[in-house]
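Quick notes on the structure that follows.
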Amino acid sequence: MEDIFVSSTNSYNILVGENLLKKTGYFIKQNINNAGFNIVIITDSLVCKIYGGVLKKSLMEFGFSVFMFAVPNKESSKNFSCLLEIYNFLVKCGITKKDIIIALGGGVVCDISGFVACTYLRGIRYINIPTTLLSQVDASIGGKNGVNFGNYKNLIGTIYSPSLIICDIFLLKTLKEKVFLSGFGEVIKYAVTFSKELFNILCEQNKNIYSHLKDIIIRCIKIKKNVIQIDEFEKNIRTKLNFGHTIGHALERYFNNSISHGEAVCVGMCYITEKSVKAGITSLYSFLKLKNLIKKYNLPTALKFNVEDIFKSVLKDKKIFGNVIRICVVKKIGHSVILTMPILKFRKFLNM
Ligand code: GLY
């Protein structure tokens, strides 16, 4: 098992390995000081059926009283009525400042649980146990949380670190292929923005992707850890982790969440890179390499959409500061930069 320490406002460890879920009770005793008796597991309906029992048993073995709350397994669960139901549940269970929330699930569960943990009693501790590739390499790390609002992605949220992350690679075995592959949208993002070495590893992968998965996941986690340690609250370099996301989030809204986050990010990365090739920032060679890698993981490189509609959604993006937007573009594989441009210039950029 790999133990990766993240130094941030609230420092924490990320445990990465196989078959970790059933040892969760032990890991909590080892890693969390002065934990209360109660643990609330927030999960989704699907994950609850497969892994809820194993987790509950492990916690009970170590003397915890366990409460379980499952949200529907879909993006639209990230809303205010779901939040209210969870707050009510926590009050009913008598959860206090000493107690702990465990988020057992993918990005939706991590985002909503982090927000609940940050706001309930002005903040209680929470642990992420990500069950998708996407949440193992990205959503569970770095404390970003939130809910969608007015159909805009993550419009309301905070940055609030977990106290522990347990990344059990074994849990990925039960994912549907489409959900699993969606995670490669984020993996490719890390590679193209920060690591030529990871990019090359991804290019060289053969059919048996599982044999290299742990190494790939650990590389992504370490990239994110290094970014967070420099810029937890996204004043500068953390913006690079949003490569492809400004367009990607707008696409998720445009297609009413019928495309996955990973698919949307891939199309977003390609769209923005196509424009940055035209603007003379990126070489055509790097763009073609990016597109080929995305195709290799059966993810889309383009979709038909109305650019003006996407631009309107972008106006609600968190990367807008007054009348400028901050976006990440790739200069060459493994090397990215942040551009700050007036919004109207960005509109022209999108239409190049
Ligand atoms: N998912 C991007 C970030 O955590 O900053």
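Throughout, residue positions are numbered sequentially from 1 according to the sequence presented. Order of appearance sets the numbers: ligands from 1, and atoms from 1 within every ligand. Source: prediction; values computed, not measured.
Few gaps surround CZ on Phe80; more than 12 heavy atoms of other groups in view lie less than 6.0 Å from it. With a 6.0 Å radius and a threshold of 12 heavy atoms from other residues, nucleotides or ligands, Lys275 has its NZ atom above the threshold.
Protein heavy atom at the shortest distance from atom 5 (O) of ligand 1 is Arg238 NE, 2.7 Å. Closest to atom 1 (N) of ligand 1, if we only count protein heavy atoms, is Asp138 OD2, 2.9 Å.
Tyr271 has its ring centre less than 6.0 Å from the ring centre of Phe305. For Tyr12 and Phe5, the ring centers sit 6.0 Å or farther from each other.
Not close to ligand 1: His245, with no non-hydrogen atom less than 4.0 angstrom away.
Heavy atoms of Lys224 found under 4.0 angstrom from ligand 1 belong exclusively to the side chain.
Between Tyr190 and the options Ile221, Asp138, Ile216, a side-chain contact (heavy atoms from CB on, under 4.5 Å) holds for only Asp138.
Annotation: Lys189 places no N or O atom under 3.5 Å from an N or O atom of ligand 1; distance criterion only.
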